[in-house]
Amino acid sequence: MASSSSSGLTFKLHPLVLLNISDHYTRVKSQATGADAGAGSSAGADSPPPPPRVFGCVIGVQRGRTVEIFNSFELLYDPSTHSLDRAFLEKKQELYKKVFPNFYILGWYSTGSDAQESDMNIHRALMDINESPLYVLLNPSINHAQKDLPITIYESELHIIDGIPQLIFAQASYTIETVEAERISVDHVAHLKPSDGGSAATQLAAHLTGTHSAIKMLNSRIRVLHHYLLAMQKGEIPRENSLLRQVSSLLRRLPTIESERFRDDFLMEYNDTLLVSYLAMFTNCSSTMNELVDKFNTAYERHSRRGGRTSFI
């Protein structure tokens, strides 16, 4: 049972969380499909299995009435007992605390079209870590008519139902929040993805060529503005105060980008961008390797069924 949240909290969700959950679900579904295909070839065709569910924790910070969800990590789930592996959770929490000391576990995530009754058991189990955990639910089914993101954030509220106090899920509104590193990384990955049959190298060359052209155009416009100001200083053209005010406002920003604080912030954003780009590259390589291994296993199974004795390494 779910209702609308009345807590008054403001939730901000970062794209990295959506990518993590989607990647987690895709990997688990691919592995389950491969296992079912191998079993089906020997046992006969059966009805398609239900889509798998994945589970994990979401981490971030809470400043006053604003909750910002930055990242997430996967968890192990036991479907027989409908519970999470607590030892694994504590280990992952300890590791993430060393890397992100300011991030705390805000709640957990799962996949499905709607919240289930068993989800409340997991929700209660996490209340000793966070007394009011969040529940982020991703709907993996494709709906082309839906314009909003298939993400729902739930809070837990205590309601009196038939004279009995019960916890229920209350749907909360949220906004998508991005930092510069995430915007650059998403744009970088989008340009690297071959969309017209070309290779990744071709896409990268086109992206770098466009960046070079933009920088070249910016340099030419700065030169035009510089020559214009020199001519105005020499009295060759009339003085235009509105333009001078705009140039003065732009120049006053230059000392800001030369401070020690700016350099530290810039290097931090730059390193974050490189890290996310490398992670995206590793994910792409892992996906390619998985496809190669699947093809290798298929060839090996066909060879084994034909009675071949050659061993594949």
Side-chain angles (χ1 to χ4, degrees), residues 5 7 9 11-32 51-64 66-112 115-138 140 151-158 166-170 172 174 177 179 182 268 271-272 275-276 278-280 282-283 286:
S5 174
S7 64
L9 294 176
F11 296 98
K12 296 181 179 180
L13 185 64
H14 283 256
L16 183 58
V17 180
L18 306 181
L19 295 177
N20 287 344
I21 302 176
S22 177
D23 174 70
H24 188 189
Y25 173 81
T26 303
R27 285 187 285 105
V28 172
K29 183 179 180 181
S30 300
Q31 295 170 3
R53 298 192 69 194
V54 297
F55 300 86
C57 276
V58 293
I59 59 177
V61 296
Q62 180 173 355
R63 304 182 183 93
T66 302
V67 180
E68 196 163 358
I69 308 173
F70 281 96
N71 206 338
S72 64
F73 59 85
E74 303 172 12
L75 292 177
L76 299 179
Y77 176 74
D78 186 358
S80 60
T81 60
H82 299 289
S83 61
L84 300 174
D85 188 335
R86 195 54 183 250
F88 183 80
L89 167 60
E90 294 175 354
K91 182 179 179 180
K92 294 285 288 186
Q93 181 184 9
E94 180 182 358
L95 293 176
Y96 265 81
K97 200 65 178 177
K98 294 179 180 179
V99 182
F100 305 103
N102 297 326
F103 288 0
Y104 297 90
I105 292 181
L106 299 176
W108 62 292
Y109 71 79
S110 182
T111 54
Q116 302 181 8
E117 293 182 3
S118 59
D119 294 344
M120 186 56 71
N121 297 330
I122 302 177
H123 201 79
R124 289 193 181 96
L126 294 177
M127 285 185 172
D128 60 337
I129 300 177
N130 189 318
E131 62 180 11
S132 182
L134 305 175
Y135 178 22
V136 180
L137 183 65
L138 170 67
I151 283 284
T152 307
I153 296 181
Y154 293 104
E155 295 182 86
S156 57
E157 294 183 349
L158 186 64
Q166 297 182 15
L167 277 178
I168 66 171
F169 287 122
Y174 65 90
E177 185 78 10
V179 296
E182 290 174 323
M268 183 178 298
N271 291 332
D272 291 344
L275 177 60
V276 177
Y278 292 154
L279 289 176
F282 290 150
T283 303
S286 299

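- Residues forming a salt bridge (Lys or Arg N to Asp or Glu O under 4.0 Å) with Asp23 (at least two apart in sequence, or on another chain): Arg27.
- Of all non-hydrogen atoms in Ser72 and Ile59, the two that sit nearest each other are N-CG1, 4.2 Å.
- Within the 3.5 Å criterion, the main-chain N or O of Val54 finds a donor-acceptor partner in the side chain of Thr111.
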> What's the verdict on side chain to side chain contact (heavy atoms under 4.5 Å, CB included) for Ile69 and Leu134, showing C-alpha distance, side-chain angles and the deciding distance?
Replying inline: CA-CA 10 Å; Ile69 308 173; Leu134 305 175; 3.9 Å; yes
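- Taking both residues in full, the closest heavy atoms of Pro52 and Tyr25 are given as O-CE1, 3.2 Å, listed atom of the first, atom of the second, then distance.
- Judged as a side-chain contact (heavy atoms from CB on, under 4.5 Å), and not counting sequence neighbours, the contacts of Met127 are His123, Pro133, Ser156, Leu167.
- In terms of the salt bridge (Lys or Arg N to Asp or Glu O under 4.0 Å) criterion, Glu177 has no residue partners (sequence neighbours excluded).
- Residues Ile151 and Val136 form a side-chain contact, since some pair of their non-hydrogen atoms from C-beta on lies under 4.5 Å apart.
- Here salt bridge (Lys or Arg N to Asp or Glu O under 4.0 Å) pairs that include residues 116-134, with residues two or more places apart or in two chains, are Arg53-Asp119, Arg86-Asp128.
- Put simply, the side chain of Phe11 does not reach to within 4.5 Å of the side chain of Thr66, judged on heavy atoms.
- Side-chain atoms of Ser22 never come within 3.5 Å of backbone atoms of Leu18 as a donor-acceptor pair (strictly under, hydrogens ignored).
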In residues 87-106, what donor-acceptor pairs under 3.5 Å come from side-chain atoms, sequence neighbours left out?
unit_1, atom_1, unit_2, atom_2, d
Lys97, NZ, Pro101, O, 3.1
Lys97, NZ, Phe103, O, 3.1

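- Residues satisfying the ring pair (Phe, Tyr, Trp, His ring centres under 6.0 Å) criterion with Tyr135, sequence neighbours excluded, are Trp108, Tyr154, Phe169.
- Between the Glu74 side chain and the Leu76 main chain, no donor and acceptor come within less than 3.5 Å of each other.
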